[in-house]
Amino acid sequence: MEPVTETFESRKKHVCVKGEGLSIPVCDKASLPGTVTQRTCVYGGARIVLMPITDSIHLVHGPIGCAACTWDIRGSKTSREDIYKKGCSTNLQEKDIIFGGEKKLFETIIELNKLYKPGAVFVYATCVAGIIGDDIKAVCKKAEEITGCRVIPVQSEGFQNHNKTKGHWIGGDALLDYVIGTKEPEETTPFDINIVGEFNVAGDLWGIKPLLEEMGVNIISTLTGDSHVDEIAQAHRAKLNIVQCQKSSNYVAQKMEKKYGIPFIKVNFFGLEQTVASLRDIADFFGDEEMIERTERIIESGLKEVAHKIEEYKKRLTGKTVALYVGGNKAWSLVRPFEELGMDVMMSGTKNGIREDYEMIKEAVRDGTIIVDDANSAELTRLLKEHRPSLLISGAKEKYISLKLGIPFCDFNHDRITAFAGFKGFVSFAKEVDASVSSPVFELTSTSLRGD
């Protein structure tokens, strides 16, 4: 069988077509040296899970370069404090690497506590801290005793794994080991839930939370968007966990089910069909007739409001094609929303996918869809040139590849600024997609750039 696109011999099985023999690409492997892939490290994976806790300091124990991976890598909005936006690092130097950085770490924690009085200080171990053997657990314990503030070690040395998914799990373990279950709620209700794996990127949480509250459920905590550490500490008293980002947070939900007996259901608030199904699944779980009736009214009202607002966008978008190159969860969860706009997903891929991600992608896409794992820049360029989708959905690193080829681009990564979740979010989603696809500027781009 001919390869889908020209690439290195060892990369050929990382690109496949659904329905043509190998329907799941080889994945979860160390990147081929020299191919300039776009992966992040274990530390980055832990950081993006914990960073949205708004009342906490996030301290990077390592060289200043690692601090580039700070709050702005995930555009999580806040309705309260913005302490989490302080970029903090111990800035390890050569002398610290020789003599150890524990003293510097301890002094930094003490100073940060004096300056900001945070709800917690999360201390992230980087590769350098791990290599020189700094005992960050001991330092955190001592600093917590002196300050009275939660000081939480996150053993996120980047070299632990080639896949940042390991970092998601480490971030979850930090919450499970040091936060969840350490505080009791003042009161409970029969309908207490946690929203797990919702990080309030661009304000997505604010499109979901009102729907749930109108249903009649009580949200104890969000892990971790727009959250306080004391709220997460009470999460063990929930009756149900709903899991939005299944890539990063199934692990936490499974651990909480085992430790606290809290069942969980998977939800998805991107797209109309998936939002409706998620609301009904939550109401059905509790089995309360009044809640079920309220939920149906919410759904009816939401669909009615959206229908006429997206009609014009749908006319222009129907028949257009889209390529997805995003995070593992979005690579399958966005397929149906695009189909609801009349678009056809012709490619879906992810940078850090594991087998479970590609199983979900395979189920979501139609036969003939290209599925790609950890594409390097050259591969992605060739795929876009060969198949010329009407739109690429990806992150900032792929933006200029797309635009130089004259292919419209829409950012659906952590640093986007428009919320897409829930009924209102779907209208914003349709509007932004249409603005990209229907822009006349792409009729003016040079054919030499596009490779025509």
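Any value given below was found using the heavy atoms of this structure, including those in side chains, with hydrogens, waters and symmetry copies removed. Owing to the predicted nature of the structure, the values given are computational and were not obtained by experimental measurement.
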Whether [Y] and [X] form a salt bridge (side-chain N of Lys/Arg under 4.0 Å from carboxylate O of Asp/Glu) is what I want to check.
| X | Y | result |
| --- | --- | --- |
| Arg150 | Glu144 | no |
| Lys309 | Glu305 | yes |
| Glu359 | Lys362 | no |

Please check if atom [atom1] in [X] has more than 12 non-hydrogen atoms from other residues, nucleotides or ligands closer than 6.0 Å.
| X | atom1 | value |
| --- | --- | --- |
| Arg366 | CZ | yes |
| Lys259 | NZ | yes |
| Lys320 | NZ | no |
| Ile417 | CD1 | no |
| Glu213 | CD | yes |

Quick one: CD1 on Ile152 to NZ on Lys141, what's the gap to the nearest 0.5 Å?
-> 15.0 Å

How long is the span from the OG1 atom in Thr295 to the CG atom in Asp288, to the nearest 0.5 Å?
-> 9.0 Å

Can you name the side-chain hydrogen bond (donor to acceptor under 3.5 Å, both in side chains) partners of Thr188, sequence neighbours left out?
-> none

Go through the steps for Leu105 and Ile136 under the test side-chain contact (heavy atoms from CB on, under 4.5 Å), then give the verdict.
-> CA-CA 8 Å; Leu105 173 60; Ile136 71 165; 3.9 Å; yes

Just do the side chain to side chain donor-acceptor pair (under 3.5 Å) check on Ser221 and Asn194 with the steps written out, would you?
-> CA-CA 5 Å; Ser221 71; Asn194 298 312; 2.9 Å; yes

Determine the minimum heavy-atom distance between [X] and [Y], stating which atoms define it.
| X | Y | answer |
| --- | --- | --- |
| Lys183 | His236 | O-CE1, 3.0 Å |
| Gly225 | Leu205 | O-CD2, 3.6 Å |
| Asn163 | Ile354 | ND2-CG2, 3.7 Å |

Pairs of donor and acceptor atoms involving the side chains of residues 113-124, under 3.5 Å and at least two apart or interchain, shall be tabulated with distances.
residue, atom, partner, partner atom, Å
Tyr124, OH, His58, ND1, 2.8

Are Tyr178 and Asp173 close enough, and set up right, to give a side chain to side chain donor-acceptor pair (under 3.5 Å), and what steps lead you there?
-> CA-CA 8 Å; Tyr178 296 97; Asp173 280 333; over 6 Å; no

Check: [Y] and [X] side chains under 4.5 Å, non-hydrogen atoms:
| X | Y | value |
| --- | --- | --- |
| Ile219 | Phe191 | no |
| Glu214 | Arg297 | no |
| Val437 | Leu317 | yes |

Assess whether side chain to side chain donor-acceptor pair (under 3.5 Å) is satisfied between Thr321 and Arg388, documenting all intermediate values.
-> CA-CA 9 Å; Thr321 57; Arg388 298 213 62 82; over 6 Å; no

Before giving the answer on side-chain contact (heavy atoms from CB on, under 4.5 Å), spell out for His168 and Ile48 the whole-Å C-alpha distance, their side-chain angles and the decisive distance to 0.1 Å.
-> CA-CA 8 Å; His168 298 330; Ile48 61 176; 3.6 Å; yes

Would you please say whether a donor-acceptor pair under 3.5 Å links the side chains of [X] and [Y]?
| X | Y | value |
| --- | --- | --- |
| Ser278 | Asn268 | no |
| Asp373 | Tyr358 | yes |
| Glu198 | Thr222 | no |
| Glu157 | Gln160 | yes |

How are the rings of Phe270 and Phe412 set to each other: parallel, tilted or perpendicular (split at 30° and 60°)?
-> perpendicular

Can you spot which of Ile371, Ile370, Asp374 makes a side-chain contact (heavy atoms from CB on, under 4.5 Å) with Val15?
-> Ile370

In a check of side-chain contact (heavy atoms from CB on, under 4.5 Å) between Ile53 and each of Ile232, Asp226, Ile83, which one passes?
-> Ile232

Tell me, please, whether Tyr325 has Lys351 positioned over its six-membered ring: NZ or CZ under 6.0 Å from the ring centre and within 45 degrees of its axis?
-> yes

Taking the six-membered ring for Trp, are Tyr313 and Phe426 ring centroids under 6.0 Å apart?
-> no

